[in-house]
Amino acid sequence: MTIQVGDTFPSVSVKHLTEAGMQETSTDALLKGKKVVLFAVPGAFTPTCSAKHLPGFIQNAEALKAKGVDAIICLAVNDPFVMQAWAKANDVGDTVFMLPDGNGTLTRELGLTMDGTAYNLGHRSQRFALVIDDGVVTRVDVEKPGAFEVSSAEAVLKNL
């Protein structure tokens, strides 16, 4: 079942790469007591994701924070090494927390997987944006296949 407004965000252990090496955290730790915008992309370094989706959140980070957002998280079904390289290639710094979902566990828990096997991508995440307040989902915007309209930073800003 797809995550809905009012649902508690799934509690999942995640690993991410930092300057100190591989670190483990949980979605609970990332979300507790915070208002978070989590957006998901089908893949790091893919055209729309790299040219529009991630850059939009980097450019609009201050405007999002001005609307009460404590953290911005980018989710992709990619491994931690790819997510770290993508962050460096886009000069993300600490503006956006890059959340790798290498096995697609979190994406499956959210009910938002995409079958990209026809494009040799395997199973990935759909493109979407969530607003989460202290672990509870308050907004869900999932793109139609091939679209980039409702999950952009500008759309999220408009809806906050």
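Residue indices begin at 1 and follow the sequence shown. All values below were derived from every heavy atom in this structure, side-chain atoms included, with hydrogens, water molecules and symmetry-related copies excluded.
Met83 CE to Leu75 CG: the interatomic distance, rounded to the nearest 0.5 Å, is 7.0 Å.
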Under 3.5 Å, which donor-acceptor pairs do the side chains of residues 26-34 form with other protein atoms, sequence neighbours left out?
residue: Ser26; atom: OG; partner: Asp28; partner atom: N; Å: 3.4
residue: Ser26; atom: OG; partner: Ala29; partner atom: N; Å: 3.0
residue: Thr27; atom: OG1; partner: Pro10; partner atom: O; Å: 2.6
residue: Thr27; atom: OG1; partner: Val12; partner atom: N; Å: 2.9
residue: Asp28; atom: OD1; partner: Ser11; partner atom: OG; Å: 3.4
residue: Asp28; atom: OD2; partner: Ser11; partner atom: OG; Å: 2.7

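Ring centers of Phe39 and Phe57: under 6.0 Å apart, within the cut-off.
At distances below 3.5 Å, not a single donor-acceptor pair connects side-chain atoms of Asp141 with backbone N or O atoms of Ala129. For the pair Gln23 (side chain) and Lys15 (backbone), a donor-acceptor distance under 3.5 Å is absent. Judged by distance alone, the side chain of Glu143 and the main-chain N or O of Val150 form a donor-acceptor pair under 3.5 Å. Judged purely by atom type and a 3.5 angstrom limit, Asp79 uses its side chain to pair as donor or acceptor with the backbone of Val82.
Inter-residue side-chain proximity for His123 and Thr107 is flagged as unmet; no heavy-atom pair is nearer than 4.5 Å. Put simply, the side chain of Lys52 does not reach to within 4.5 Å of the side chain of Ser152, judged on heavy atoms. Looking at Arg127 and Thr48, their side chains come closer than 4.5 Å, going by heavy atoms from C-beta outward. By the 4.5 Å heavy-atom criterion applied to side chains, Asp101 and Val14 are not counted as neighbours.
One hydrophobic cluster holds both Val96 and Val156 under the rule that ILVMFWY side chains link at heavy-atom gaps under 4.5 Å.
No side-chain N or O of Thr105 forms a donor-acceptor pair with one of Asn103 less than 3.5 Å apart.
Across all their heavy atoms, Cys49 and Trp86 have their closest contact at O-CZ2, 3.6 Å.
Environment of CG in Asp91: sparse, with no more than 12 heavy atoms of neighbouring residues, nucleotides or ligands closer than 6.0 Å.
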